[in-house]
Amino acid sequence: MPARGINGTAPRNHTVIVEFILLGLTDDAELQPIIFSLFLMMYLVTVLGNLLMVWAVISDSHLHTPMYFFLSHLSFTDICVSTTTIPKMLVSILTQNQTITFTGCLNQIFFVLFFCAFENFLLAAMAYDRYVAICSPLRYTVIMNPCFCGLLMLLSLLASIMVALLHSLMILHLSFCTDLEIPQFFCDLAQLLEIACSSTLFNNILVYSVASIFVGVPLSGIIFSYTQIVSSVLKIPSSSGKYKVFSTCGSHLSVVSLFYGTGVGVYVSSLFTESSTKTAVASVMYIVVPQMMNPFIYSLRNKDIKVSLRKLFVRESPL
């Protein structure tokens with residue numbers, strides 16, 4: 001499919017009307033139905049699984065604690081991340097129309113960045129919650145009060161909006177020529193910067209600066225929290241006590257490892273491979289897989305969630 005677009009390169013304030021082409025994971029027509037079915041199934045599992053998590057937390061008064069307050073927002077964010085990317089891909093496969101408008105691409109970049117950044121901050125808040133619960137249990141209810149939790153949520157939202165808005169506004173200053181093909185199944189910021197025909201120096205500086213602050217600081221907080229947690233656990237004399245403490249952190253630690261591990265994997269793969277297909281597949285591991293796996297991780301490894309879901313299904317069962 002030929003690229004289409006109009007680009008003005010002389011005046012800085014020239015309006016650019018452009019459509020991008022999302023190449024997706026493959027151009028093999030025989031694989032398209034398989035990819036459609038696979039992603040539709042993954043999307044439905046993600047939405048249903050995370051909705052169950054939100055429903056379980058809301059319906060069970062025993063789960064109205066800071067830990068599950070953050071968890072319910074994490075599940076809702078996972079739904080939003082998947083909804084921002086997968087439906088557009090499914091529609092493109094069905095209609096055989098891979099184009100996306102500049103406005104649509106910009107909106108997709110904004111919401112992907114916003115929800116991924118928000119998930120990043122939520123994971124840090126959850127790590128801090130576990131740190132206070134284990135290292136300062138007597139002060140837990142005082143520190144993690146509803147007002148403080150609400151403030152953490154508000155700051156996370158504002159920081160996420162700022163991250164997404166900064167990158168989105170910087171894209172408006174770029175111009176694009178004739179190569180408008182994005183080798184991804186969604187509008188990825190890194191891929192968009194690569195096909196720009198104007199200088200992307202400031203955009204790249206902004207990407208690394210924002211990442212070092214708004215990803216580095218929460219990640220450092222998570223590492224510090226778990227360092228202190230491990231130090232406290234090692235002081236517990238009984239093995240059963242150690243297991244009990246670790247069991248309360250196991251689910252969150254698994255989700256953190258999956259989220260940041262896949263993110264690092266995407267970054268490393270983009271550095272060491274020139275294959276756009278491999279980069280797109282690696283992005284699936286970051287944008288799709290963690291959001292689908294999180295409900296399973298929490299439902300299988302968290303006793304409270306298991307009990308709540310069991311009560312939920314028993315209550316809704318006609319028998």
Side-chain angles (χ1 to χ4, degrees), residues 1 19-54 74-101 103-120 164 180-192 195 254-255 258-270 273 275-300:
M1 186 182 296
E19 284 184 336
F20 297 105
I21 300 173
L22 299 174
L23 298 182
L25 298 177
T26 180
D27 57 358
D28 190 337
E30 294 182 358
L31 291 178
Q32 294 295 331
I34 298 175
I35 292 176
F36 177 86
S37 301
L38 180 62
F39 272 78
L40 177 61
M41 182 185 68
M42 293 172 73
Y43 179 65
L44 291 176
V45 169
T46 300
V47 173
L48 292 175
N50 283 289
L51 278 178
L52 273 177
M53 295 293 291
V54 175
L74 179 69
S75 295
F76 179 74
T77 303
D78 285 338
I79 295 174
C80 293
V81 171
S82 298
T83 303
T84 304
T85 56
I86 298 180
K88 170 60 182 173
M89 177 188 183
L90 297 178
V91 171
S92 296
I93 294 175
L94 276 179
T95 61
Q96 292 298 302
N97 181 10
Q98 296 172 287
T99 61
I100 183 171
T101 63
T103 302
C105 188
L106 195 63
N107 288 334
Q108 199 172 56
I109 286 175
F110 175 86
F111 285 111
V112 167
L113 289 173
F114 169 72
F115 289 120
C116 287
F118 189 51
E119 186 161 347
N120 172 59
L180 303 176
E181 296 181 342
I182 301 175
Q184 272 286 11
F185 65 95
F186 68 101
C187 277
D188 180 45
L189 176 62
Q191 297 292 340
L192 195 66
I195 65 172
S254 300
V255 170
L258 185 62
F259 180 78
Y260 289 104
T262 52
V264 170
V266 172
Y267 178 72
V268 171
S269 67
S270 65
T273 181
S275 172
S276 58
T277 303
K278 290 181 179 179
T279 302
V281 171
S283 296
V284 173
M285 297 301 296
Y286 180 69
I287 294 294
V288 180
V289 174
Q291 288 71 28
M292 181 182 68
M293 293 302 298
N294 287 352
F296 292 100
I297 293 173
Y298 270 100
S299 61
L300 292 175

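Everything quoted here is computed from the prediction, not taken from an experiment.
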Would you please name every residue forming a ring-ring contact (aromatic ring centres under 6.0 Å, His included) with [X], sequence neighbours left out?
X      : result
Phe186 : none
Phe39  : Phe185
Tyr286 : Phe259

Residue list, side-chain hydrogen bond (donor to acceptor under 3.5 Å, both in side chains) with [X], at least two apart or on another chain:
X      : result
Asp188 : none
Thr83  : Tyr43
Asn120 : Tyr260

Please report the shortest heavy-atom distance between [X] and [Y], naming the atom on each side.
X      : Y      : answer
Ser254 : Ile297 : CB-CG2, 3.7 Å
Val81  : Glu119 : CG2-OE1, 4.2 Å
Met293 : Leu258 : CB-CD2, 3.7 Å
Ile287 : Gln291 : O-OE1, 2.6 Å
Pro87  : Ser82  : CD-O, 3.4 Å
Thr262 : Pro290 : OG1-CG, 3.7 Å

### Message
Within a 6.0 Å radius of atom CE on Met285, are there more than 12 heavy atoms belonging to other residues, nucleotides or ligands?
### Response
no
### Message
In the structure I gave you, are the side-chain heavy atoms of Cys105 and Ile109 within less than 4.5 Å of one another anywhere?
### Response
yes
### Query
Do the non-hydrogen side-chain atoms of Cys187 and Ile100 ever get within less than 4.5 Å of each other?
yes
Under the side-chain contact (heavy atoms from CB on, under 4.5 Å) rule, collect the residues that match up with [X], sequence neighbours excluded.
X     : answer
Ile34 : Leu31
Ser92 : Lys88
Phe36 : Leu40, Leu90, Ile93, Leu94

If you round to the nearest 0.5 Å, how far is [atom2] of [Y] from [atom1] of [X]?
X      : Y      : atom1 : atom2 : answer
Leu51  : Asp78  : CG    : CG    : 11.0 Å
Phe111 : Phe118 : CZ    : CZ    : 14.0 Å
Asn50  : Tyr298 : CG    : OH    : 11.5 Å
Phe110 : Thr84  : CZ    : OG1   : 10.5 Å

### Query
Between Val255 and Leu74, is a side-chain contact (heavy atoms from CB on, under 4.5 Å) present by the stated rule, with each step listed?
CA-CA 10 Å; Val255 170; Leu74 179 69; 4.3 Å; yes
### Message
Test: side-chain hydrogen bond (donor to acceptor under 3.5 Å, both in side chains). Region: residues 30-41. Which pairs qualify, not counting sequence neighbours?
### Response
none
### Task
With side-chain contact (heavy atoms from CB on, under 4.5 Å) as the test, would you mind laying out the steps for Leu192 and Phe20 before giving the verdict?
CA-CA 9 Å; Leu192 195 66; Phe20 297 105; 3.7 Å; yes
### Task
Before giving the answer on side-chain contact (heavy atoms from CB on, under 4.5 Å), spell out for Leu22 and Met89 the whole-Å C-alpha distance, their side-chain angles and the decisive distance to 0.1 Å.
CA-CA 9 Å; Leu22 299 174; Met89 177 188 183; over 6 Å; no
